[in-house]
Structures are given as structure tokens and as C-alpha cells.
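Scroll down for the structure; my scribbles are underneath it.
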Amino acid sequence: MEALIQLGIFALLLGLGFFFGRRAEAKHYQSIFAREDELRQIVVSTDRFPPIEFTNHNAQLVSGNVVISVDYFKRVSAGLRALVGGRIRSYETLLDRARREALLRMQEQARAAGADAIINTKFETSRISGNSNKGVASIEVLAYGTALSPKNKR
Amino acid sequence: MTTILLSNIEIIPGKRVSQHLGLVLGSTVRAKHAGKDIMAGLKNIFGGELGGYTELLSEARQEATDRMTEQAKAIGANAVINVRYSTSSIAAGASEILAYGTAVVLEEK
């Protein structure tokens, strides 16, 4: 009986994770696409030196961060995948979403400062160990760079 | 004194480094509190962003940056260039945030 209850809880968590996780991911991707279109005029690059046309701009540090976690279903499916090896799709989308979200937040900060380009963009990813030490808990992605804004605007 | 300029590039457009003052750094160690931890536990089932942690880490990063800026001010710099961030989790539930850069005196070209 007890084993049955435990199995039931496991199935419930799996189901909840599957439905809510899938919905959350779809919604997040939609918002990412919309905001990426909106912020396209702010050029982000990894150049270490400002391009020649930006030599008369103000420089300023901007950053964006996000902490994101996978749902229960994906964690279980990734655990199964780890037995046979190969690509873990569920974690790929997690990292992709986190990076793009961090980038967008950095761009939003740059737009608020009136900048039109960000150079020397760096990413920093770290794992946040949750209250339990099993599996991947959640990850933090930080994106930072130097925003260049025209002098007359400010 | 005006605010300190922060940047992660080495050459600031329109300015020249007149004095190089060496490395400055600031760090902070933060732990999450229990309430947020419980919320995060729920989010581990449903997936999605952990807003509390995002806020916590960006506050911590601000704190580290402020400490670095203080240090730069104390040695008479007016800018910190080539700023880098680094994060490490030192124990379960606590992480260290470090910000470091080169303190310099900039002058208009």
C-alpha cells in the first residue's frame, strides 16, 4: 500500500512537471522571441575594442542575470538519458532559454541607458545547489558587457 | 568626486589612461533564506524562473561591485576598467560573488 502511494506521488509530480513545465517553456520562448525582435536595434558583440564609429561614445557596464530551473519531468528524463548517454535535450533548452533571457535583460538595461551597442559581452554560468544535492538543481546565467551610448543624448 | 566609470573593455573611447593603480576587488558571500528555499523547491517541480534567487544574486553582485568601487575610490582612481565577475558556490545554499578589475585614472584625450 505504501509503495503504491509513493508511486502515485511520483506519477503526480511527473504529470505536474510535464504539463506546467511544457506550458512555462512555450510561454517563455514566446516572450523571448517577442523581446528579441523589439531589442534588435541594440547590437551586441564580443569585440574587445569599440568599432571606429563609436569612438566618441560613453562607456558603461551593463549586466543581466537569471536563475532558472528544470521541471520534475525533465529531470527524470535526463536521469534516464544519462544511463545510455547522448544529447540531453531538456537541459539544452534550459540553458538556451537562460542565456537568451540574460542577454535580453542586459539589452534592456542598455536601452534604458540610451545605448545603441554593447561590446565585449561575456557569459558566466554557475550552478546553484538547491536544498537537495541530487541532480542539477538550478543554474544562474549572467551576461555582462560595455554599453556604448552617444554623448549628446545624455 | 564624480561617479566611478565601470567598464569591461580596456580602451575607453575618447579617454586615455594617465595612471595605472593596480587591481581592485570586492566580494560577498550570500546564503538563501528558508522561505525562498521552499518556493524554489516548488519551482523545481514545475520548472521556470526562480525570481527570488535572481534578485538575491543581482543584489549580491551589486554589493561586490560597490565594494570594488569603494576600494578604487580610496586609492584615487576615477575608473575601473576590464571588470570581470566570478561566481562560485562554496557550500550548499551559499555562493560567493567576486568582482575585480583594474583601477586607473582616465583623462580626456
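Predicted model only: the values in this text are computed from it and were never measured. Naming: A, B, ... by sequence-line order, numbering from 1 per chain.
Counting heavy-atom neighbours within 6.0 Å of A/F19 CZ, excluding the residue itself, gives a total of 12 or less. Few gaps surround CG on A/L80; more than 12 heavy atoms of other groups in view lie less than 6.0 Å from it.
Contact annotation for B/L57: both backbone and side-chain heavy atoms come within less than 4.5 Å of a heavy atom of chain A. Interface remark: B/I9 contributes backbone and side-chain atoms alike to the contact with chain A (heavy atom separation under 4.5 Å). The contact between B/R61 and chain A is made entirely by side chain atoms (from C-beta outward), counting heavy-atom distances below 4.5 Å.
Per-residue heavy-atom pair counts under 4.5 Å with chain B were compared for A/L14, A/L142, A/L148, A/T121, and the maximum is reached by A/L142. Considering only heavy-atom pairs separated by less than 4.5 Å from chain B, the leading option among A/H28, A/H57, A/K27, A/R105 is A/R105. When each of A/D71, A/L16, A/V67, A/N56 is scored by its heavy-atom pairs under 4.5 Å with chain B, the top score falls to A/V67. Taking B/S88, B/G51, B/S86 one by one and counting their heavy-atom pairs under 4.5 Å with chain A, the maximum is reached by B/S86.
Two residues are said to be in side-chain contact when any heavy atoms from C-beta on lie closer than 4.5 Å; A/R111 and A/M106 fail this criterion. A 4.5 Å side-chain heavy-atom check between A/N120 and A/F49 finds every atom pair outside the cut-off.
Using a cut-off of 4.0 Å between Lys/Arg side-chain N and Asp/Glu carboxylate O, A/E108 and A/R35 are scored as salt-bridged.
Applying the side-chain hydrogen bond (donor to acceptor under 3.5 Å, both in side chains) test to residues at least two apart or on different chains, the pairs with a partner in residues 8-18 of chain B are A/R48-B/E10, A/T146-B/N8, B/R16-B/E107.
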